[in-house]
Visitor: 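Have a look at the structure that comes next, please.
What you are looking at is a predicted structure, and each value in this text was computed from that prediction instead of being measured. Naming: A, B, ... by sequence-line order, numbering from 1 per chain.
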Amino acid sequence: GDSVTQMEGPVTLSEEACLTINCTYTATGYPSLFWYVQYPGEGLQLLLKATKADDKGSNKGFEATYRKETTSFHLEKGSVQVSDSAVYFCALSFNFGNEKLTFGTGTRLTIIP
Amino acid sequence: GAGVSQSPRYKVAKRGQDVALRCDPISGHVSLFWYQQALGQGPEFLTYFQNEAQLDKSGLPSDRFFAERPEGSVSTLKIQRTQQEDSAVYLCASSPRTGNNQPQHFGDGTRLSIL
C-alpha cells in the first residue's frame with residue numbers, strides 16, 4: 001500500500017539555522033504531496049503542497065520540491081525562527097475519489113533562541 | 001469564520017463503555033474525513049463521507065467503530081465496547097468539494113482515554 005517515511009525526530013536547532021526534514025514516499029501512481037504542521041496547542045494545518053513532479057510548494061519561508069525520480073518531498077527552510085517550533089507531517093493523497101491523506105509519523109522541531 | 005469543531009475535547013471512559021465523538025465541519029463543506037492518531041504517530045485514515053454518503057470505511061479498525069453523517073453536515077464517530085487500544089486522538093477534517101486536492105481543514109481533535 002501507499003506509505004510515507006519521514007525523518008525521525010526530535011530535531012533541535014538554533015535560531016537562524018538551516019532546516020531540512022526528509023520525506024520519501026511509496027505509492028502506485030502519482031500522488032499529490034503535502035506538508036502539514038501542528039503548532040503547540042493547535043490543530044493540523046496545511047503548510048504547503050505540490051501536485052505534480054518538479055512542482056515546488058512554498059509558504060512562510062518553507063519550500064519542498066516534488067522529486068519523482070527519488071520519490072521525495074523534503075522540507076527546507078534557510079533560516080528558522082523560534083516560532084517554527086512544531087510537529088511537521090509529510091503526507092500524500094490521490095486526486096480522484098477518496099482523497100484521504102496518508103501521513104508519515106511526524107517530526108518534532110524545536111528551535112532554541 | 002468558524003473552523004472544524006470537535007467535541008468533546010477530552011473523553012475518559014472505562015473499558016467496555018460506548019462513546020460518541022462529534023464533528024461539526026465547516027459550513028458547506030462536502031467532504032468529511034475521520035482519522036485516528038496514536039501517541040507519537042501520524043494520523044491514520046478511518047472513514048470518508050461525501051455529503052451524507054459514507055464512501056469509504058476501509059480504515060475502521062473493527063466493527064465496534066461506526067460513523068454517520070445523516071444530513072450531510074454534522075458527523076458522529078461511535079465506538080462500542082471500548083478497549084484500551086482505542087485510546088488515541090480522533091481528528092475530523094473537512095474540505096469544500098471533491099477533486100483537485102482541496103485542502104483538508106482539521107479540527108483540534110478529541111483525546112480519548114480508555115481506562
Visitor: Could you tell me if the ring centre of A/Tyr88 sits under 6.0 Å from that of A/Phe62?
Guide: yes
Visitor: With respect to chain A, which residue among B/Asp56, B/Thr47, B/Leu55 yields the maximal number of heavy-atom pairs within a distance under 4.5 Å?
Guide: B/Asp56
Visitor: How long is the straight-line distance from NZ of A/Lys100 back to CG of B/Leu46, given to the nearest 0.5 Å?
Guide: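 NZ of A/Lys100 is found 10.5 Å from CG of B/Leu46.
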Visitor: Give, as side chain, backbone, both or neither, the part of A/Gln6 having an atom under 4.5 angstrom from any heavy atom of chain B.
Guide: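 Answer is neither: A/Gln6 stays 4.5 Å or more from chain B.
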Visitor: Tell me, side chain or backbone of B/Gln104 under 4.5 Å from chain A's heavy atoms, or both, or neither?
Guide: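 Looking at B/Gln104, backbone and side chain both touch chain A.
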Visitor: A/Tyr25 vs A/Tyr66, test: side-chain contact (heavy atoms from CB on, under 4.5 Å). Steps then yes/no.
Guide: CA-CA 11 Å; A/Tyr25 68 90; A/Tyr66 190 140; 3.4 Å; yes
Visitor: Heavy-atom distances under 4.5 Å only: say whether A/Leu101 touches chain B with side chain, backbone, both or neither.
Guide: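 Both parts, backbone and side chain.
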Visitor: Between A/Tyr36 and A/Phe34, what is the ring plane arrangement, given parallel below 30°, perpendicular above 60°, and tilted in between?
Guide: tilted
